[in-house]
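Reading through the structure tokens given below for one structure.
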2 protein chains.
Amino acid sequence: MNPNRRFKDEIYDQFSRIGKAVSSPKRLELLDILCQGERTVENLANETSLTIANTSQHLQVLKNSRLVEQEKKGLYVVYRPAPMVCEFFLSMRKVAENRIAEIEQIKNRFLEGKKGMESIDRDALIKRIQKEEVTILDVRPPEEFRAGHIKGAVSVPLKELGLMLTKLPKNKEIVAYCRGPYCVLSVEAVQLLNEKGYHAVRLEEGVQDWRAMGLPVASGE
Amino acid sequence: MNPNRRFKDEIYDQFSRIGKAVSSPKRLELLDILCQGERTVENLANETSLTIANTSQHLQVLKNSRLVEQEKKGLYVVYRPAPMVCEFFLSMRKVAENRIAEIEQIKNRFLEGKKGMESIDRDALIKRIQKEEVTILDVRPPEEFRAGHIKGAVSVPLKELGLMLTKLPKNKEIVAYCRGPYCVLSVEAVQLLNEKGYHAVRLEEGVQDWRAMGLPVASGE
DNA sequence: TTACTATTCAATTAATCGCTTGAATAATAG
DNA sequence: CTATTATTCAAGCGATTAATTGAATAGTAA
């Protein structure tokens, strides 16, 4: 075969390694979670309802295409996204949201089931922050809050929301967020809060989106 | 199954449609070409050394994942990339280049075979444009030049380069470019020019990269 | 109408992929 | 040392995919 053709084929073969890595829904889910912070295999398996062996296998596909890195910490193996990968994931999500009409439909159908659920986006939240007082709630697990959160947000993991209710102000509006537009933690949080008489709304964006917009993100406690 | 899990699965299934589309080397090659401008099926089949039927099949995969759009023009069907797709492709290429070491190796091995081949990047070219006079040559087929080219470049398709040699200035440096870092048209052009006594170098970036940097791009003749 | 061209469809084959299962490995604790 | 825990490996099954081939469709021209 002519050497130019060979060269091209080799190059596109390499490019396709990235594509193959993100061609499986389960691997996308794993990547999405990893972009919130590093995780062990067991941890990822629990969140995705995959078996441990299957999770490990998917993680190795991601590792072989260089989208994640792994580090052994004692008895555990911790995985984290490689640099640039989360930006790439966001860019892929953006194309999907803009081009695939089914995504909007699936989201609407899901949210219709949750009556009274109000979602706001980044712009609307920024306006409210300036105009009136709002409490921003990060309802993800505490490790994810520590790894990075919207500046000014308070960590109230969904699991502890029930216990923390009394500490929240009833007169202020509450904005809850989690991992992004397709994460349901904030959906459940807002439902619970509204049932209990608070005025809560859901922020669509996650920390990654917030950061990508150039908005302030903090980490640690 | 619990409705939250169902929702997540449906969403990631949709996201993976984009991933599946870019998981095949041949489809990536097709996308890369399409990002230079619209094409007919036959046209694409010729450039990729695929059969017509196979090309058509791949294009339909791309269409079903909404990455390309199609339009019937008389006897031909013309395909073009959907909005945002070329940006996404660039973002994927960037991850691949930065994460997959093999790509650099393949490129180096290929260019080693072409002795005396000098490549420069955008920054180096900009400096030379300011300091000394250079002639910028777009060696892609004329339709691609018309669809968009680096401002100030002259269209000299590789196929006609042999005939146009006399019209090129021997004392000025010549910078040839084509579709991007992995396109070989400019490699062949620079080889020919250097053999004939010109001082020619290859620009790595293509028009897409140029545009993505915010640098001036023109279209038409 | 008929002939011709560009593209798509349909059926087939070989290769690859996702997931499961059970065994193997590696680090730690007693 | 043995037992325990987290992860990976290896084999196997069914489903999906890429590429080939030949037939079918759609638009154009005589």
Side-chain angles (χ1 to χ4, degrees), chain A residues 1 5 8-10 12-31 33-34 38-65 67-80 143, chain B residues 1 5 8-10 12-31 33-34 38-65 67-80 143:
Chain A
M1 200 194 301
R5 182 79 255 156
K8 280 195 204 178
D9 284 350
E10 285 175 339
Y12 288 112
D13 269 352
Q14 294 300 327
F15 283 177
S16 73
R17 291 170 67 182
I18 306 291
K20 288 207 178 82
V22 293
S23 68
S24 140
K26 298 297 185 187
R27 283 198 289 272
L28 286 169
E29 188 173 358
L30 290 169
L31 262 188
I33 297 170
L34 285 172
E38 57 177 42
R39 296 294 185 120
T40 65
V41 180
E42 193 184 23
N43 205 314
L44 287 164
N46 288 337
E47 287 244 26
T48 53
S49 342
L50 291 172
T51 62
I52 302 241
N54 197 7
T55 305
S56 169
Q57 218 157 256
H58 277 306
L59 287 168
Q60 263 154 92
V61 175
L62 289 171
K63 194 184 77 176
N64 287 333
S65 51
L67 293 189
V68 306
E69 293 166 350
Q70 107 196 124
E71 186 193 346
K72 185 122 198 180
K73 284 192 180 172
L75 206 49
Y76 297 85
V77 178
V78 165
Y79 283 86
R80 70 178 136 259
E143 322 87 75
Chain B
M1 197 194 304
R5 183 76 256 158
K8 281 193 202 176
D9 284 350
E10 284 175 339
Y12 288 112
D13 269 353
Q14 295 299 326
F15 283 177
S16 74
R17 292 171 66 182
I18 306 292
K20 290 208 177 82
V22 294
S23 68
S24 142
K26 297 297 185 185
R27 282 197 290 272
L28 286 169
E29 188 173 358
L30 289 169
L31 262 188
I33 297 170
L34 284 172
E38 57 176 42
R39 297 292 185 123
T40 65
V41 179
E42 194 184 21
N43 206 316
L44 288 163
N46 288 338
E47 287 245 24
T48 52
S49 339
L50 291 171
T51 62
I52 302 240
N54 199 4
T55 305
S56 170
Q57 220 157 255
H58 277 306
L59 287 168
Q60 262 152 94
V61 175
L62 289 171
K63 193 184 78 174
N64 287 333
S65 51
L67 293 189
V68 305
E69 293 168 349
Q70 111 197 122
E71 186 193 346
K72 185 122 196 180
K73 283 193 179 172
L75 206 49
Y76 298 84
V77 177
V78 166
Y79 283 85
R80 68 178 138 261
E143 321 86 76

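Numbered from 1 within each chain, the chains take letters A, B, ... in sequence-line order.
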Identify each atom pair where a protein N or O and an N or O of nucleotides 9-16 of chain C are less than 3.5 Å apart, giving names and distance.
residue : atom : partner : partner atom : Å
C:dC9   : OP2  : B:Gln60 : OE1          : 2.3

Worksheet entry | Nearest-neighbour nucleotide for the A:Val41 side chain, D:dA18, D:dA19, D:dT7 considered | D:dT7
Response to the item:
On DNA chain D, more 5' by nearest nucleotide between B:Ser24 and A:Asn43 is A:Asn43
Discussion item. Applying a 4.0 Å non-hydrogen cut-off, can you work out what A:Thr51 is touching in the nucleic acid: base, sugar-phosphate, or nothing?
Written reply: sugar-phosphate
Worksheet item: Can you check whether B:Tyr79 has a side-chain N or O nearer than 4.0 Å to OP1 or OP2 of C:dT8?
Response: yes
Worksheet item: Atom CD of A:Glu42 and atom C1' of D:dT5: how far apart are they, to the nearest Å?
Response: 9 Å
Item to complete: Please test A:His58 against A:Asn54 for side-chain contact (heavy atoms from CB on, under 4.5 Å), starting from the C-alpha separation and ending with a verdict.
Response: CA-CA 6 Å; A:His58 277 306; A:Asn54 197 7; 3.5 Å; yes
Worksheet entry | Approximate separation, where rounding is to 0.5 Å, of A:Leu44 CG and A:Ile33 CD1 | 6.0 Å
What nitrogen or oxygen pairs link the protein and nucleotides 23-30 of chain C at under 3.5 Å?
none

Discussion item. Does any part of the side chain of B:Leu34, heavy atoms only, come nearer than 4.5 Å to the side chain of B:Leu59, both counted from C-beta?
Written reply: yes
Worksheet entry | Nucleotide D:dT7, atom P - distance to CG of A:Leu30 in whole Å | 13 Å
Discussion item. Could you tell me how far apart A:Tyr12 (OH) and D:dA18 (P) are, to the nearest whole angstrom?
Written reply: 17 Å
Fill in: Between D:dA6 (P) and A:Leu44 (CG): distance, integer Å
14 Å
Worksheet item: How many Å lie between CG on A:Leu50 and C1' on D:dT7, as a whole number?
Response: 15 Å
Discussion item. Measure CG/B:Leu59 against C1'/C:dA6 and give the value in whole Å, please.
Written reply: 13 Å
Discussion item. If you only use heavy atoms from C-beta on, which nucleotide in C:dT8, C:dG18, C:dC19 is closest to the side chain of A:His58?
Written reply: C:dC19
Worksheet item: Is the closest basic N to carboxylate O distance between B:Asp13 and B:Arg17 below 4.0 Å?
Response: no
Discussion item. Keeping B:Arg27 on the side-chain end and B:Ala21 on the backbone end, is there a donor-acceptor pair under 3.5 Å?
Written reply: yes
Worksheet entry | Side chain to side chain, A:Leu67 and A:Val61, heavy atoms closer than 4.5 Å | no
Practice prompt. Please determine if a side-chain N or O atom of B:Tyr76 lies less than 4.0 Å away from the OP1 or OP2 oxygen of C:dT8.
Written response: no
Worksheet entry | Under 4.0 angstrom between A:Asn54 side-chain N/O and C:dT20 OP1 or OP2 | yes
Item to complete: For side-chain contact (heavy atoms from CB on, under 4.5 Å), just list the numbers for B:Arg5 and A:Ser49, CA-CA rounded to whole Å, side-chain angles, deciding distance to a tenth of an Å, and then say yes or no.
Response: CA-CA 9 Å; B:Arg5 183 76 256 158; A:Ser49 342; 3.2 Å; yes
Worksheet entry | Heavy-atom donor-acceptor pair, A:Gln57 side chain to A:Ala53 backbone, under 3.5 Å | no
Discussion item. Would B:Glu47 and B:Leu30 count as a side-chain contact (heavy atoms from CB on, under 4.5 Å) here? Give the steps.
Written reply: CA-CA 9 Å; B:Glu47 287 245 24; B:Leu30 289 169; over 6 Å; no
Worksheet item: Ion pair present between A:Glu29 and A:Arg39, side-chain N to carboxylate O less than 4.0 angstrom?
Response: no
Fill in: Value in whole Å for how far the C1' atom of D:dT8 lies from CD of A:Gln70
10 Å
Item to complete: Could you tell me the separation between the CG atom of A:Asp9 and the C1' atom of D:dA18, rounded to a whole number of Å?
Response: 14 Å
Worksheet item: Which of the following nucleotides, D:dA19, C:dC19, C:dT7, is nearest to the side chain of A:Lys26?
Response: C:dC19
